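Presented below is the structure to which this report refers.
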Amino acid sequence: MAIVTEDFEAQADFVAASEGMPDVPRVVVPHPIAGAPDDAVRHAAAAAAPEILRRLTDSEAAVGTVAARREVSTRTAADDATALDELHAAGRTDGLPVVVPTRDRVDALLAAVPFDPADDLGRVGPSHRRATVEAVAVNAVMAGCLPGHFPVVVAAVRAVLDPAFDLTEVQSTTHNVAPLIVVHGPVRDLAAVSSGTGALGPGHRANACIGRALRLVLMNVGGARPGISDMALLGHPGKFTYCLAEAEEESPFEPMHVARGLDASTSAVTVVGCEAPHSVISVPRPDLGPAGLADAILRVLSAGLGTVCANNVYAGRGNPVVVLNPGHARLLAAGGHDRASIQAALHAHARAAKDLLVELAGVAPGDGSICEAPEDILVLVAGGDGLYSAVMPTWGAGEHGNRAITEEVVWTPGTYGD
Amino acid sequence: MVEYLDASGGSASGGEPYALRADVGRGTVIGLLANSFPGSAPFLDLVADELGRLVEGVRFERWTKDDLGLNASVLVPDPTLDTLVRSCDALVTAYGH
């Protein structure tokens with residue numbers, strides 16, 4: 001049985017039901033226990049104990065529903081508008097209208113990937129329901145995806161289902177984290193994923209739909225519901241959609257996926273759990289030479305990353321993200337930097353004093369650095385030229401530190417007229 | 001009429017019974033699994049003290065998710081679950097903050 005703090009009661013009900021054991025006894029105590037005054041904690045324990053005994057000894061054998069097999073079922077509505085209302089009412093949307101997932105629409109997406117619709121991509125936490133390719137296609141249709149977007153969606157789903165991504169924890173945490181999808185290689189142009197001005201803003205169909213499709217999979221297959229199973233205290237807009245391509249042609253550095261071991265001609269995605277972008281301003285001083293300009297950019301990026309506001313300095317783990325605008329990237333290159341030296345400089349300077357972290361939080365497992373090694377910092381080029389780059393601190397917790405995962409994109413020949 | 005597909009991946013089928021009742025008395029071993037959030041283990045210690053006052057002779061085994069190498073929100077894997085089940089007659093877990 002479980003002792004559940006009050007604010008987590010809905011999530012506990014969800015997990016119990018998801019695991020096919022809805023009748024597991026729960027005793028609810030006030031929230032929070034952590035940090036509560038000693039007398040309140042003792043009172044809660046004293047109140048809980050007799051109820052624990054009663055629930056353990058009074059319960060009868062019960063039958064749970066353990067999902068032995070799941071098949072995508074169908075529903076019928078009078079028309080599209082009614083179907084949309086039903087989808088909203090059933091909690092199957094992100095709050096915005098969706099495209100009704102008819103068989104024809106789903107089949108059109110399924111034709112774009114060389115997988116059987118029943119192929120199992122893995123269990124999606126926190127519900128641990130299985131993501132078949134078909135189920136992903138249903139959600140991708142709802143997100144507004146075209147067939148050409150779907151291979152990217154499938155790759156993103158496979159990436160988050162890698163155990164090292166720690167998806168269940170990412171879905172459940174109170175941290176405001178969302179999976180960021182970075183698209184690499186030829187599929188960027190084939191699927192029209194934007195890497196330029198406003199790439200993380202509205203107006204780019206592929207960026208919007210691909211990111212949204214992943215979110216709908218996480219909600220509908222994974223069961224992540226705000227305040228019930230997705231406990232992010234505030235969330236952030238990236239939980240609607242969070243997808244962009246790297247501006248490889250604008251970058252003076254090797255593409256990020258090449259740095260991660262892939263060939264430049266390989267199409268892939270990298271997915272990592274990130275906070276919302278933190279804008280970082282660096283105004284080029286006219287009196288500085290190339291080395292000074294580059295140093296100034298690195299100093300402000302370090303300040304943005306090494307903040308006591310973010311998890312990375314406390315955990316000392318994760319893959320923090322740096323998105324350089326092409327102008328800042330050129331200035332760094334002119335100052336003699338490449339990807340490795342940028343990572344090394346950031347790792348050296350983006351940190352917080354350990355004793356300050358302990359003073360603020362009581363605990364700090366790391367040494368004040370934002371990650372374990374320089375190469376853990378993900379650096380890519382995207383956006384428009386100007387004064388602003390961006391950093392995205394990451395969740396950095398979980399069994400594996402919520403590692404960034406890179407997954408190849410594959411598609412059915414002919415999907416892109418190829 | 002519009003026929004559309006279920007976004008959740010389908011409906012479940014099949015089921016298996018599970019027992020929820022335990023006899024609690026002298027010699028019963030109650031397991032306590034803390035979730036590793038601050039205060040979780042000390043709270044369960046207090047719960048154990050109270051249960052010990054209510055039922056004479058009950059014994060306790062204690063674990064934390066950290067000790068088991070697990071994050072608070074991760075399900076206990078089956079091999080570890082088997083160990084817990086073998087070690088106690090009933091298990092009380094901490095859930096939340």
Side-chain angles (χ1 to χ4, degrees), chain A residues 1-5 7-8 12 21 23 25 31-34 41-42 45-46 48-50 52-53 56-57 59-80 83 92 100-102 106 129-132 135 138-139 142 168-169 172 216 220-221 398-399, chain B residues 1-25 28 30-35 37-55 58 65 68-75 89-97:
Chain A
M1 66 163 302
I3 304 173
V4 180
T5 60
D7 284 16
F8 280 77
M21 303 181 74
D23 300 314
H31 176 94
I33 292 296
V41 176
R42 279 193 292 272
I52 291 170
L53 268 181
L56 280 178
T57 55
S59 300
E60 299 174 355
V63 176
T65 303
V66 177
R69 192 164 63 96
R70 297 190 77 90
E71 292 179 340
V72 174
S73 57
T74 59
R75 289 178 168 75
T76 304
D79 50 33
D80 251 26
R92 295 285 178 237
V100 177
T102 61
V106 172
R129 288 194 289 264
R130 295 194 179 278
T132 61
V138 170
N139 284 279
M142 293 170 62
T168 297
E169 297 94 306
S172 309
L216 290 177
N220 291 326
V221 182
E399 181 181 352
Chain B
M1 298 296 284
V2 173
E3 190 175 86
Y4 62 97
L5 299 173
D6 181 0
S8 70
S11 51
S13 60
E16 58 186 71
Y18 54 93
L20 301 171
R21 193 179 183 284
D23 292 322
V24 180
T28 300
I30 296 179
L32 302 168
L33 176 60
N35 63 9
F37 278 109
S40 176
F43 178 70
L44 288 181
D45 285 342
L46 291 172
V47 169
D49 290 344
E50 295 294 332
L51 288 172
R53 274 192 273 277
L54 292 171
V55 183
V58 69
K65 280 276 190 80
L68 300 175
L70 301 170
N71 180 273
S73 58
V74 173
L75 295 177
D89 300 301
L91 183 67
V92 178
T93 65
Y95 197 99
H97 288 187

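Because the structure is predicted, anything quoted here is derived from the model rather than measured. To find a chain, count down the sequence lines: A is the first, B the second, and so on, and within it residues start at 1.
- Distance check: A/T76 OG1 to B/E3 CD gives 5.0 Å after rounding to the nearest 0.5 Å.
- Contact tally against chain A (heavy-atom pairs below 4.5 Å) for B/A94, B/A90, B/G39, B/G96: the top residue is B/G96.
- Of the inter-residue distances, the one linking A/L53 atom CG with B/L51 atom CG reads 5.0 Å to the nearest 0.5 angstrom.
- Rounding to the nearest 0.5 Å places CD1 of A/I52 at 8.0 Å from CD1 of B/I30.
- For B/D49, there are no side-chain hydrogen bond (donor to acceptor under 3.5 Å, both in side chains) partners two or more places apart in sequence or in a different chain.
- Within the 4.5 Å cutoff, the side chain of B/V92 has heavy atoms near those of the A/I3 side chain.
- In this structure, the side chains of A/R92 and B/D6 come closer than 4.5 Å at one or more pairs of heavy atoms.
- A/T102 has its side chain out of reach of B/L5: every pair of non-hydrogen atoms, C-beta onward, lies at least 4.5 Å apart.
- For the options A/A131, A/A2, A/G398, heavy-atom pairs under 4.5 Å to chain B are most numerous at A/A2.
- Counting heavy-atom pairs closer than 4.5 Å to chain B, the top-ranked of the candidates A/A78, A/A77, A/P32, A/A83 is A/A77.
- Remark: side-chain polar atoms of A/N220 are not paired, donor with acceptor, to backbone N or O of B/A7 under 3.5 angstrom.
- Taking the six-membered ring for Trp and thresholds of 30 and 60 degrees, B/H97 and A/F8 have ring planes inclined between 30 and 60 degrees apart.
- Here the OH atom belonging to B/Y4 is positioned 9.0 Å from the CE atom belonging to A/M142, to the nearest 0.5 angstrom.
- For the residue pair A/A49 and B/V47, the shortest heavy atom distance occurs at CB-O, 4.3 Å.
- Proximity to chain A is absent for every atom of B/L33, based on heavy atoms less than 4.5 angstrom apart.
- Proximity to chain B (any heavy atom under 4.5 Å) is restricted, for A/N139, to the side chain, taken from C-beta onward.
- The salt bridge (charged side-chain N to carboxylate O under 4.0 Å, His left out) test applied to B/R53 returns B/E50, not counting sequence neighbours.
- In this structure, chain B has a heavy atom under 4.5 Å from the side chain of A/V106, while its backbone stays farther away.
- Looking at B/L91, only its backbone comes within 4.5 Å of chain A, counting heavy atoms on both sides.
- In this structure the side chain of B/L46 reaches within 4.5 angstrom of the side chain of A/V41, judged on heavy atoms.
- Closest of all the heavy-atom pairs between A/A34 and B/P38 is CB-O, 2.9 Å.
- What you find for A/R129 and B/S8 is that their closest heavy atoms are NE-O, 3.4 Å.
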